[in-house]
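Here's the structure we're looking at; comments come further down.
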Amino acid sequence: MNITYFGVRGSCPCSAPDQVRYGGNTSSVLVETDGEPPLILDLGSGLRPLGDRLAIRFARSGEPPKVNVLLTHLHYDHIIGLPFYGLHQDPDGHMVIHGPAGHEEGPGLTLPRAVHPPYFPVTLDEFPDQTTIHDLPVPSVFSLGGYRVMVQAVAHAGFTVGYRLEINGSSLAYLSDHQAPLDGVSVEPSVMELCRDVDLLVHDAQYTPAEFGERSDWGHSTPDYAVRVALSAGVKRLHLFHHDPAHSDGQLDEILAGAQALSRSLGGPPVEAAREGESHRIGEG
Ligand SMILES: [Zn+2]
Ligand SMILES: [Zn+2]
């Protein structure tokens, strides 16, 4: 399994001279495994360049331009890229979106309303490609091609899920938006199930501890809590994700150094911060 980050920010896309190294697009991650259609985690503004990358892959390989999507929730920063996916213009294109229904209206109802006048000039139906949307039961475990997918609700502002992906002996947990508890250390059983022993955990690390003190009910985590989850669940590598749009490259360097020091002091796993454009091989498969 290989992942490439096309969007690593939370809340809102950002662009500034001191936000170049980590990137300014919101959540969108490409997961690739030989012999499987591309799998996309979230449809943030990173989906636009991600779609351009896939167009090149499909043109080279001659594969049908079919992609699967796993959506964590419906906040703007996770869906804003949907109408800007270039392969919507390909009549052979097919995007199959899976997202959680939960106790609120699921993506089957809400996404077609979001890509619709007056918010966008055309509807999803009017693009030349085909978009299919499935509401996922939560919790559940299902197969998506060769992937085993586990979906569990996680604490956030509004109904939100995390995913665990397994294929060919490799495993990835993706918790883009996850509210840390006030005690800063306890880990919900559902989160433990998603993360236990994974090769890579991609986890919300939006707020510094000082920011979290003022925004403890805004739905996000600190880098320190991401380290605690990784340690408790025995994960092998941790990537900090969903960076705050107000944080500069320099601040993110400091946040990363702090999380690395904490993990080292606790005997936790290696920590990196997700950066737009970087690819990572996960496990052996
Ligand atoms: Zn988000
Ligand atoms: Zn959110």
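Atoms within a ligand are numbered from 1 in the order they appear, just like the ligands themselves. Note that this is a predicted model, so its numbers are computed, not measured.
- Of the N and O atoms on the side chains of His98 and Asp135, not one donor lies less than 3.5 Å from an acceptor on the other residue.
- Between the side chains of Thr33 and Tyr147, at least one donor-acceptor pair of N or O atoms lies under 3.5 Å.
- When the Zn ion (ligand 2) is compared with the N/O/S atoms of His156, atom NE2 turns out nearest.
- Partners of Gln251 by side chain to side chain donor-acceptor pair (under 3.5 Å), not counting sequence neighbours, listed by chain and number: Ser248.
- Applying the salt bridge (charged side-chain N to carboxylate O under 4.0 Å, His left out) rule to Glu36 yields no partners; only residues at least two apart in sequence or on another chain are considered.
- Identified under the ring pair (Phe, Tyr, Trp, His ring centres under 6.0 Å) test for residues 17-60, with sequence neighbours left out: Tyr22-His243.
- Each protein N, O or S atom less than 2.8 Å from the Zn ion (ligand 1) was counted, giving 4.
- Of the options His203, His242, His156, His73, a ring pair (Phe, Tyr, Trp, His ring centres under 6.0 Å) to His178 is made by His203 and by none of the others.
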